Amino acid sequence: MFTEPITLPRTGTGPARTREHPALQRNISRDVRRTLALVLAGGRGTRLKNLTTWRVKPAVPFGGKFRIIDFALSNCINSGLRRIAVLTQYKSHSLIRHITHGWAFLHTELGEFIDVMPAQQRITDDWYSGTADAVYQNLDILRRHAPEYVLILAGDHIYKMDYGLMLGFHRSHDADVTVGCIAVPRAEATRFGVMAVDENRRVTRFDEKPAEPAPIPGRPDRALASMGIYLFNADFLFEQLVHDADAPASTHDFGRDLLPALIETHRVLAYPFRNAGADAEKPVYWRDVGTVDSYWQANMELVQVEPELDLYDREWPIRSTPRQHPPAKFVFNDAGRRGMAVDSMVSMGCIVSGAYVEESLLFHNVRVEEQAVLKRAVVLPDVTVGPGARITRAVLDKRCRIPAGMVIGEDPDADRARFHVSDGGVVLVTPEMLGQPVHRVR
């Protein structure tokens, strides 16, 4: 039911998906300009372990040159949304710096902006206590923008989506709330909000992180999961936030409290996710990179010959902070001392010096020294791998200095004594684990 193509026109930078509904296309374009997007980027992301010790989850690097939040922000820009606020709280300095340095290109004189809204205790003396409370505490600012619609996004997922299509669906179906959804394996659905819907896509039940997720009818191995994407009529949202704030038993969370309370009395609809850009006709791609294993796996997928997520898509570009680094460099061509990388992605500023890199992803300014070997490794920026080191199935955090001859990923017991080893056997290495100076802004 939720993998069928939707014959609505696209908005944004790419060509229209269909021209059968020009009036609807005009309406979407108009409504996009009346929409305020809120990106929730305050979550700590504890399941990513030491990767979020000094940074919030949306600020974690991904894909060789991006940070996770770049995907939600790029989706907004490509969809034509130019009024965006990013709500931050936990260890947000590197995220704020990333947004202010890399996303300050909109035209404020035209009413376009990407604002960062840190937790400020504007209404109470408390920090954000839930996703709904984060929006509620900024209600005075949101009302000042006078939007007609408010799109609420999680800032910690990897996907490409045209929010204009969702807005067209919301408007044409006269919804009060529309929830983006995707079918996921039931075994994984315990990490998400799980919905049940009727034949008209109206949500009839919403359970946040259930122990036993309800299956999709006819698909016993799948559950219908919320993507953490909520589209509200603005006045309705503001009214419901005030009501929720006054409810003493509420945890002030969209998934746990606000949405379940609205299902019986209002039109809460499910919008089936589909890709955007050149990936529009491919099987849907959406990743919650919330664990070390899922983070490593999603990065590893990118080095495949034909990855499910196309980062080279000119119709739907993923933007990030511009960096001024020289091209990647591979040096030495002697037997046993040949600088090369195969089935890998190597970013600008990297030097592979007489070393071998296989099925790995290197972020910018990584240096791999002579006779070092990297296999299935995700190497974050500014890392040095010393001569003769061997790294297998690992994530190396920013600014690690791997000593000469160190072996990682071959002896699980030895790795556990020094580093974090995930349930799936991925080794996470940080400078602190190596006894190296801590650079807390990452």
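Just so we're clear, the structure is a prediction, and the values are computed from it rather than from any experiment. For the single chain, residues carry numbers from 1 onward in sequence order.
Trp286 has its ring centre less than 6.0 Å from the ring centre of Phe192. A distance below 6.0 Å separates the ring centres of Phe232 and Phe254.
Residues passing the salt bridge (Lys or Arg N to Asp or Glu O under 4.0 Å) test with Glu308, sequence neighbours excluded: Arg287. Residues passing the side-chain hydrogen bond (donor to acceptor under 3.5 Å, both in side chains) test with Arg418, sequence neighbours excluded: Asp415. In terms of the salt bridge (Lys or Arg N to Asp or Glu O under 4.0 Å) criterion, residue partners of Asp313 (sequence neighbours excluded) are, by chain and number, Lys160. The side chain to side chain contact (heavy atoms under 4.5 Å, CB included) search around Asn333 returns Arg338, not counting sequence neighbours. The side-chain hydrogen bond (donor to acceptor under 3.5 Å, both in side chains) check on Thr251 picks up Asp257, with sequence neighbours excluded. Here Asp334 pairs with Arg337 under the side-chain hydrogen bond (donor to acceptor under 3.5 Å, both in side chains) rule; sequence neighbours left out. Residues forming a salt bridge (Lys or Arg N to Asp or Glu O under 4.0 Å) with Arg367 (at least two apart in sequence, or on another chain): Glu369. Residues passing the side chain to side chain contact (heavy atoms under 4.5 Å, CB included) test with Ala372 are Ala355, Val368, Val385, sequence neighbours excluded. Remark: Asp70 pairs with no residue by the salt bridge (Lys or Arg N to Asp or Glu O under 4.0 Å) rule, at least two apart or across chains.
Screening residues 363-386 for ring-ring contact (aromatic ring centres under 6.0 Å, His included) gives His325-His364 as the qualifying pairs, with residues at least two apart or on separate chains. For residues 387-432, no pair satisfies ring-ring contact (aromatic ring centres under 6.0 Å, His included), with sequence neighbours left out. Applying the side-chain hydrogen bond (donor to acceptor under 3.5 Å, both in side chains) test to pairs two or more places apart or on separate chains, those with a residue in residues 222-236 are His170-Asn233.
The aromatic rings of His145 and Phe113 sit parallel to each other, their planes meeting at less than 30°, with 60° as the upper class boundary. The aromatic rings of Phe105 and Trp103 lie tilted to each other, with the angle between the two planes from 30° to 60°.
Taking OH from Tyr128 and CG from Asn138, the interatomic distance works out to 4.0 Å, rounded to the nearest 0.5 Å. In this structure, CE on Met345 lies 10.0 Å from CE on Met300, to the nearest 0.5 angstrom. One distance of note links CD1 of Ile229 with CD1 of Ile152; it measures 11.5 Å at 0.5 Å rounding. Taken from CG in Leu139 to CG in Leu241, the straight-line distance is 6.0 Å, to the nearest 0.5 Å. The CD1 atom of Ile158 sits 4.5 Å away from atom CZ of Phe71, with the distance rounded to the nearest 0.5 Å. Put simply, CG on Asn75 and OH on Tyr163 are 4.0 Å apart, with the number rounded to the nearest 0.5 Å.
Counting all heavy atoms, side chain and backbone alike, Ala132 lies closest to Leu258 at CB-CD1, 4.3 Å. Taking all atoms of both residues into account, the shortest heavy-atom contact from Ile69 to Ala41 is CD1-CB, 4.0 Å.
Checking side-chain atoms of Ser320 against main-chain N and O of Lys65 turns up a donor-acceptor pair under 3.5 Å.
The local environment of CD in Gln324 is sparse, with at most 12 non-hydrogen atoms from other residues, nucleotides or ligands closer than 6.0 Å.
Counting only N and O atoms by type, the side chains of Asp244 and Gln240 include no donor and acceptor under 3.5 Å apart.
When each of Asp288, Asp423, Asp293 is paired with Arg47, the salt bridge (charged side-chain N to carboxylate O under 4.0 Å, His left out) condition holds for Asp288 and for no other. For the salt bridge (charged side-chain N to carboxylate O under 4.0 Å, His left out) with Glu148, the qualifying choice from Arg171, Arg34, Arg30 is Arg34, the only one to do so.
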